[in-house]
There are 2 protein chains.
Amino acid sequence: MTVPLGESIRQSFERRILSGELAPGSRLPTEQEIMAEFGCSRMTVSKALSALTTAGLIERRKRAGTFVVRPRVHAMVLEVPDLAAQVAARGQAYRFRLHRRNEEMVQDGHLAGQRALHLGGTHFADGEPLAIEDRLVSLAAVPAIADADLAAESPGTWLLHHVPWTEADTRIFATGANPAEAEALGLNPGAPCLCIERRTWRGDEPITTVRQLFVASGYELVAHFGPGGAS
Amino acid sequence: MTVPLGESIRQSFERRILSGELAPGSRLPTEQEIMAEFGCSRMTVSKALSALTTAGLIERRKRAGTFVVRPRVHAMVLEVPDLAAQVAARGQAYRFRLHRRNEEMVQDGHLAGQRALHLGGTHFADGEPLAIEDRLVSLAAVPAIADADLAAESPGTWLLHHVPWTEADTRIFATGANPAEAEALGLNPGAPCLCIERRTWRGDEPITTVRQLFVASGYELVAHFGPGGAS
DNA sequence: GCGACAATTATGTATAGACATTATTGCGAA
DNA sequence: TTCGCAATAATGTCTATACATAATTGTCGC
């Protein structure tokens, strides 16, 4: 038995649901009936249904039975890899240049009232500016960053390797570069750019806020939704 | 016992990991030790650890034990709600105007070699153009769209309510509006726009391809990552 | 010393049974 | 009719046990 029985039960119902054989809102067989169909114990059925529940495909209601959920909003998986790795994966030379680094008391936003390290820099791919970023890192949450060598490694890469986070919000929108930004990116003012603003936390504790402005022609985000969840 | 024992075990280890008490790469107690700590059976411990495994917090290796995973790439959940619903949620009046509808044989791309319905239109929020879209819908996969009333409802909304899909790819990038696009959106040529290109499938069968161009000031995408997965 | 093989130890999966929980259903009384 | 309560049928959780599986560890032979 290469594939576990519980897993094959899960797959069977996943297939029936995704194919439309089991329509949204329709009732699945009872656990007793599924036991009989697959010739296994109720615990095994229950575990398979629990997995489908956490995957969001079905809903279990006591006394009433188990139902296929009706489709809601699309939730897609957005991969946000490390920028240095992503540039390297395209076969380009990656470089980061830091042009601002100072400690300050943050007045507003996500890190308001905390001492933070304020970092600014430019990401280059093959010597061409790809993006500029402006970042605040909480010194309370990440004291070690005060001693980090951020000239060699971008702050994002350093944080990714040194600081685990548990929660993040990202806003993605298009905007025109203002004169200073255009200058830094080698564009004309008003040129289209992709802007990504991200705030991260570990538990309730804010870690960092970053605003990255990408040259439109040099960057795109890719999101995927598929049966496996991620792929 | 309001909270199930297995769940409290799961929470206990989640807390210890997120707080850093259990560092990435470190070994958890064996299932036997956890049994003793919580005074329960091994199945209950195993179920709690299974949940943490699917949540991606720990890794279980036979013979070796259970370990806290090291942080990897960021995978965030991108909410892609229906545009009409999203505009309505902001308290604005939503309208869609269809200005192209014809059947054609698709030459290239995702739907190459299929007969498809080619649709073009504009999304308005409070009477102002918000986005233009250009869409191909496979007539083989979705024959019913030939009879749909797409003047009242946007093609995206119609598809969302009538056609389940199982797989989708999305590209997100910034671009400048070309003269025709700028005209349709009431912008100057070259003005920054957010472009979303999406291809969807049901199983192996392509359903639709769409390119949506948003006025930069009117739209942003929001992605989230958190312990709950979605929130 | 060093490689191959066996023993050990840990997780992976499954069964069978028990009791808890809870929403529905139906019946009886006001 | 309608309100409320009890019976019921379904899922939720847990125990105790068994065997499978796989990687590390130790040992034996060379």
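We name chains A, B, ... by the order of the sequence lines, and we start the count at 1 in each one.
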Student: Which atoms of nucleotides 22-24 of chain D (N or O only) lie under 3.5 Å from a protein N or O atom, and what are those distances?
Tutor:
from, atom 1, to, atom 2, distance (Å)
D/dT24, O2, B/R63, NE, 3.3

Student: Which heavy-atom pair separates B/R10 from B/A51 by the least distance, and what is that distance?
Tutor: CD-CB, 3.6 Å
Student: Look only at the side chain of B/R27 and the backbone of B/A64, and say whether a donor-acceptor pair between them is shorter than 3.5 Å.
Tutor: yes
Student: With sugar-phosphate meaning primed atoms plus P, OP1 and OP2, does B/T66 contact a base, only sugar-phosphate, or nothing at under 4.0 Å between heavy atoms?
Tutor: sugar-phosphate
Student: Given atom CZ of B/R42 and atom P of D/dA18, what is their separation to the nearest angstrom?
Tutor: 13 Å
Student: Would you mind checking if A/E31 and A/R60 are paired as a salt bridge, meaning a charged N to carboxylate O distance below 4.0 Å?
Tutor: yes
Student: Considering residues at least two apart in sequence or located in another chain, which fulfil the salt bridge (Lys or Arg N to Asp or Glu O under 4.0 Å) criterion with B/R211?
Tutor: B/E181, B/E197
Student: Starting at atom CD1 of A/I58, determine the distance to atom P of D/dA10, rounded to an integer number of angstrom.
Tutor: 16 Å
Student: When the C1' atoms of the five terminal pairs at each end define the local axes, what inter-axis angle does the helix from C/dG1-D/dC30 to C/dA30-D/dT1 show, to 10 degrees?
Tutor: 10°
Student: Just by distance, do the side chain of A/E33 and the backbone of A/T30 share a donor-acceptor pair under 3.5 Å?
Tutor: yes
Student: For B/H110 and B/W201, take the angle between the two ring planes, folded into 0 to 90°, and tell me which bin it lands in: parallel under 30, tilted 30 to 60, perpendicular over 60.
Tutor: perpendicular
Student: Testing the basics here: between B/F67 and B/L28, what is the closest heavy-atom pair and its distance to 0.1 Å?
Tutor: C-CD1, 4.2 Å
Student: Whole angstroms only, please: what is the CD-P distance between A/E59 and D/dT11?
Tutor: 13 Å
Student: Identify whether the distance between the nearest side-chain nitrogen and carboxylate oxygen of B/R61 and B/E59 falls below 4.0 Å.
Tutor: yes
Student: Whole angstrom is fine here: how far is it from CZ in A/R60 over to P in C/dT22?
Tutor: 15 Å
Student: Whole Å only: how far is the CZ atom of A/R27 from the P atom of D/dA9?
Tutor: 12 Å
Student: Is it the case that the side chain of A/T44 and the backbone of A/C40 share a donor-acceptor pair, with hydrogens and angles ignored and the cut-off at 3.5 Å?
Tutor: no
Student: Report the distance from atom CG of B/L52 to atom P of C/dT11, rounded to the nearest whole Å.
Tutor: 14 Å
Student: Can you figure out which of D/dT15, C/dT13, D/dT11 approaches the side chain of B/S41 most closely?
Tutor: D/dT15
Student: Mind listing the residues from residues 30-38 of chain A sitting with a heavy atom below 4.0 Å of DNA chain D? Number order is fine.
Tutor: A/T30, A/E31
Student: By the side chain to side chain donor-acceptor pair (under 3.5 Å) test, which pairs, at least two apart or in different chains, include something from residues 139-156 of chain A?
Tutor: A/S154-A/T157
Student: Check whether any side-chain nitrogen or oxygen of B/T44 sits under 4.0 Å from OP1 or OP2 of D/dT13, and answer yes or no.
Tutor: no
Student: I need the CD1-C1' distance between B/I9 and D/dC14, as an integer number of Å.
Tutor: 11 Å
Student: Provide, to the nearest angstrom, the distance between the NZ atom belonging to B/K47 and the C1' atom belonging to D/dT15.
Tutor: 13 Å
Student: Taking only residues two or more places apart in sequence or in another chain, which ones pass side chain to side chain donor-acceptor pair (under 3.5 Å) with B/T200?
Tutor: none
